[in-house]
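Bear in mind that the values here come from a model prediction, so they are computed numbers and not experimental data. All ligand and atom numbering here is 1-based and tracks the order in the structure. Excluded from the calculations below are hydrogen atoms, water molecules and symmetry mates; all remaining heavy atoms, backbone and side chain alike, are included.
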Amino acid sequence: MKIMAMLGTCNTNNPAVLAWVKEMTELCQPDRVFWCDGSAAEKEALTVQAVEQGALLKLNQDKLPGCYYHRSHPNDVARVEQCTYICTESEDEAGPTNNWAAPKEMKAKLLGMARGAMKGRTLYVIPYLMGPAGSPLSKVGFELSDSIYVVLNMGIMTRMGRIALDELGDSDEFNRGLHCMLDVNPERRYICHFPHENLIISVGSAYGGNVLLGKKCLALRIGSYLGRKQGWMAEHMLILGVESPAGETTYVAAAFPSACGKTNFAMMIPPEQFKGWKIWTVGDDIAWMKPGPDGRLHAVNPEAGYFGVAPGTNLKSNPNAMRSIARNTIYTNVALTPDLDVWWEGKDGEPPAQATDWQGRPWTPASKDKAAHPNSRFTAPMVNNPALSPEVNNPHGVPISAIIFGGRRATTFPLVFETFNWQHGVFVGATVGSEMTAAAVGGLGQVRRDPMAMLPFCGYNMGDYFRHWFHMRKSLKFPPRIFHVNWFRKDASGQFLWPGFGENMRVLKWIVDRCHARANATETPLGWVPGSRDIDLSGLDGFSAEQLEKALAIDVEEWRRELLMQEELFLKLHHSLPKELLFQRELLVSRL
Ligand code: GTP
Ligand code: SPV
Ligand code: MN
């Protein structure tokens with residue numbers, strides 16, 4: 001076997017890294033080992049190889065310079081929660097909302113599956129850094145993968161290569177990640193986390209959150225576990241800055257479940273009437289947050305790119321995303337046009353007269369199936385985003401003034417409310433419910449509890465996670481205010497009550513003004529709600545104050561049902577639920 005350091009000098013003397021790569025190489029028995037250095041030349045060479053192997057297709061370079069197309073296996077198009085495990089010593093540590101397996105047995109099983117699994121293939125060693133260089137919050141990981149698609153995606157989504165080795169130095173503190181595609185068989189698919197060992201093993205998939213191990217596996221599941229031990233928080237949150245015409249920038253973090261609007265909100269362009277207001281994107285999916293010396297909660301985005309939902313993305317809904325994906329982007333499971341352009345449901349313009357769908361079948365507008373998979377995605381470097389925050393590489397992160405929770409709810413939840421205090425805010429986050437989306441396999445459209453949008457991503461017992469949230473208050477002299485929003489409420493005819501997207505700026509401005517104690521609100525059983533005059537509707541043609549009132553309304557009958565639904569989660573977690581949550585529930589019941 002030959003160990004190659006091709007096209008670069010990304011070798012390392014770190015003994016812990018070398019020992020682990022050697023051990024895994026002996027286990028997986030690849031024909032070649034390729035150490036990634038993250039250079040532009042390397043990216044170019046690997047892209048050529050990926051095209052030769054058929055893993056990528058070169059798109060129309062006049063229209064989409066540097067862009068490539070990928071189709072995943074039709075059985076492998078989303079995260080698989082039923083195959084995702086937290087392997088802690090005790091089952092109680094993983095808690096009732098996670099799949100659990102004993103670490104020793106699961107490791108033996110997975111390493112057994114990996115034995116000889118890379119014969120005839122290349123093992124790519126992917127060193128990567130999550131978070132800005134030099135940040136106390138940043139973490140180094142190594143993903144060993146036999147997928148060239150994973151390498152090219154990790155090159156966009158993380159700070160990959162030399163930079164990670166430099167950050168690590170001689171330390172043995174890094175995440176170990178092993179990824180084997182095997183035969184991409186759902187029966188042999190496991191995404192397993194071993195938090196005690198800072199280890200991830202993923203087999204049998206080649207798609208998104210299952211295999212880009214820095215993202216959901218390290219940055220959220222392992223991250224949340226480490227955060228609790230080390231006094232910080234790993235959250236499924238976007239981070240944005242709101243700059244006012246006076247030049248004051250207020251930072252906000254928001255947790256919405258998968259495919260519920262984080263990327264859109266993080267890149268929003270304010271409507272014309274909001275002259276001088278500007279949104280800066282820090283991150284669109286994940287926030288690592290830690291109390292700073294100033295007593296405020298500081299957040300960094302551990303990622304370096306966007307793995308975003310394609311359907312519904314267009315120049316009106318998300319112009320900054322369209323600009324972000326105009327070059328150097330990998331498209332997965334969208335439709336392909338005859339001139340090698342991409343298309344998806346909800347893209348600008350007319351649907352193409354003919355196209356090839358995400359499964360490679362001929363498609364026309366008369367076809368009954370969708371051209372793009374509902375969970376088709378783009379992988380785009382954040383530097384493409386015209387609204388990228390100048391603070392994105394700040395090792396100290398940005399100070400967060402507001403945390404927003406939200407879900408996809410056709411009824412019950414008003415457009416926006418502010419919670420009374422941190423404890424109440426934690427209760428509201430803990431009881432978030434949302435309709436399930438295509439981002440995970442199964443259950444589409446059903447409302448389920450998705451606490452803090454972390455149900456699929458919390459790496460330990462959810463009850464202890466809530467306790468950690470309450471505990472964090474003690475290290476914050478200036479805790480962020482906590483809000484809840486719902487862009488997805490519908491009227492009797494099934495139409496969205498609120499126009500959403502860029503118009504969400506109107507709600508965001510109220511939130512920011514509340515943080516600076518300069519906006520009015522009315523006390524309700526749920527929290528502080530703006531009156532219809534407190535939200536600026538100027539220039540929003542065809543949208544009346546009455547409609548806004550409908551979007552803001554609180555229906556006590558609906559809330560009785562909601563309380564019963566919330567109880568399900570409380571029962572499931574009764575063993576580990578912090579008392580503060582029961583107390584908050586009693587308070588809500590009595591207010592209602
Ligand atoms: P993940 O990447 O899975 O974590 O998703 P996300 O939370 O970043 O969601 P994203 O912004 O990609 O939006 C998902 C879907 O919701 C897209 O189809 C959007 O068009 C739609 N969406 C986003 N914002 C709004 C909104 O304000 N109103 C409505 N009605 N739909 C929205
Ligand atoms: C999500 O599902 O929340 C995503 C997409 O951001 S994935 O990376 O596949 O998890
Ligand atoms: Mn996400």
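Between W358 and W343, the gap from one ring centroid to the other reaches at least 6.0 Å. Remark: aromatic rings of W469 and F405 are close, center separation under 6.0 Å.
With respect to the salt-bridge test (charged N to carboxylate O, under 4.0 angstrom), the residues D348 and K316 do not qualify. At a threshold of 4.0 Å, the pair K215-E303 counts as salt-bridged, since one of the basic side-chain nitrogens sits closer than that to a carboxylate oxygen. Under a 4.0 Å N-O distance rule, the pair R409/E558 does not qualify as a salt bridge. Between K509 and D536 there is no salt bridge, since no side-chain N of the basic residue sits under 4.0 Å from a carboxylate O of the acidic one. Looking at E81 and R79, a side-chain N of the basic residue comes within less than 4.0 Å of a carboxylate O on the acidic one, giving a salt bridge.
In terms of polar-atom proximity, S258 is counted as a contact of ligand 2, with an N or O under 3.5 Å from an N or O of the ligand. Considering backbone and side-chain N/O atoms, K215 never comes within less than 3.5 Å of an N/O atom of ligand 2. For a threshold of 3.5 Å applied to N or O pairs, the pair formed by F307 and ligand 2 contains no separation below that value.
Listed by number with element, the atoms of ligand 2 under 4.0 Å from a non-hydrogen atom of A439 are 2 (O). Below 4.0 Å from some heavy atom of F457 lie the following atoms of ligand 2, by number and element: 3 (O). Taking a cut-off of under 4.0 Å to the non-hydrogen atoms of D285, the atoms of ligand 2 that pass are 6 (O). Those atoms of ligand 2 with a heavy atom of H236 less than 4.0 angstrom away are 3 (O). Shown in contact with R79 at under 4.0 Å from a heavy atom are these atoms of ligand 2, numbered in order with element: 1 (C), 2 (O), 9 (O), 10 (O).
Around the Mn ion (ligand 3), protein N, O or S atoms at less than 2.8 Å comprise K216 NZ, H236 NE2, D285 OD1.
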So what's ligand 1 close to, N/O to N/O, under 3.5 Å?
{"from": "ligand 1", "atom 1": "2 (O)", "to": "R377", "atom 2": "NH1", "distance (Å)": "2.7"}
{"from": "ligand 1", "atom 1": "3 (O)", "to": "A259", "atom 2": "N", "distance (Å)": "2.8"}
{"from": "ligand 1", "atom 1": "3 (O)", "to": "R377", "atom 2": "NH1", "distance (Å)": "3.4"}
{"from": "ligand 1", "atom 1": "3 (O)", "to": "R377", "atom 2": "NH2", "distance (Å)": "2.8"}
{"from": "ligand 1", "atom 1": "4 (O)", "to": "K262", "atom 2": "NZ", "distance (Å)": "2.8"}
{"from": "ligand 1", "atom 1": "4 (O)", "to": "D285", "atom 2": "OD1", "distance (Å)": "3.0"}
{"from": "ligand 1", "atom 1": "5 (O)", "to": "A259", "atom 2": "N", "distance (Å)": "2.8"}
{"from": "ligand 1", "atom 1": "7 (O)", "to": "C260", "atom 2": "N", "distance (Å)": "3.3"}
{"from": "ligand 1", "atom 1": "7 (O)", "to": "G261", "atom 2": "N", "distance (Å)": "3.2"}
{"from": "ligand 1", "atom 1": "7 (O)", "to": "K262", "atom 2": "N", "distance (Å)": "2.8"}
{"from": "ligand 1", "atom 1": "7 (O)", "to": "K262", "atom 2": "NZ", "distance (Å)": "2.8"}
{"from": "ligand 1", "atom 1": "8 (O)", "to": "K262", "atom 2": "N", "distance (Å)": "3.4"}
{"from": "ligand 1", "atom 1": "8 (O)", "to": "T263", "atom 2": "N", "distance (Å)": "2.8"}
{"from": "ligand 1", "atom 1": "8 (O)", "to": "T263", "atom 2": "OG1", "distance (Å)": "2.9"}
{"from": "ligand 1", "atom 1": "9 (O)", "to": "C260", "atom 2": "N", "distance (Å)": "3.4"}
{"from": "ligand 1", "atom 1": "9 (O)", "to": "G261", "atom 2": "N", "distance (Å)": "2.9"}
{"from": "ligand 1", "atom 1": "11 (O)", "to": "K262", "atom 2": "N", "distance (Å)": "3.4"}
{"from": "ligand 1", "atom 1": "11 (O)", "to": "T263", "atom 2": "N", "distance (Å)": "3.1"}
{"from": "ligand 1", "atom 1": "11 (O)", "to": "N264", "atom 2": "N", "distance (Å)": "2.9"}
{"from": "ligand 1", "atom 1": "11 (O)", "to": "N264", "atom 2": "ND2", "distance (Å)": "2.8"}
{"from": "ligand 1", "atom 1": "13 (O)", "to": "G261", "atom 2": "N", "distance (Å)": "3.4"}
{"from": "ligand 1", "atom 1": "13 (O)", "to": "N264", "atom 2": "ND2", "distance (Å)": "3.4"}
{"from": "ligand 1", "atom 1": "16 (O)", "to": "R408", "atom 2": "NH2", "distance (Å)": "3.2"}
{"from": "ligand 1", "atom 1": "18 (O)", "to": "P311", "atom 2": "O", "distance (Å)": "3.2"}
{"from": "ligand 1", "atom 1": "27 (O)", "to": "F501", "atom 2": "N", "distance (Å)": "2.9"}
{"from": "ligand 1", "atom 1": "27 (O)", "to": "N504", "atom 2": "ND2", "distance (Å)": "3.0"}

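The side-chain tip of K490 points at the ring of F496 from less than 6.0 angstrom away and within 45° of straight on. Relative to the six-membered ring of F457, R221 misses at least one condition, a distance below 6.0 Å or an angle of at most 45° to the axis. A cation-pi arrangement is found for K278 relative to W280, the charged atom lying closer than 6.0 Å to the ring centre and inside a 45° cone about the ring normal. In this structure, R514 forms a cation-pi arrangement with W528, its terminal cationic atom sitting closer than 6.0 Å to the ring centre and no more than 45° off the ring axis.
Screening V77, V334, V309 for a side-chain contact (heavy atoms from CB on, under 4.5 Å) involving R377 leaves a single residue, V309. Checking each of T379, L57, L64 against Y331 for a side-chain contact (heavy atoms from CB on, under 4.5 Å) leaves exactly one that passes, namely L64.
Judged by distance alone, the side chains of N384 and S324 never bring a donor and an acceptor atom under 3.5 Å apart.
The closest non-hydrogen atom to atom 6 (O) of ligand 2, taken over K216, K262, E81, comes from K216.
G209 N, 2.9 Å is the protein heavy atom nearest to atom 9 (O) of ligand 2.
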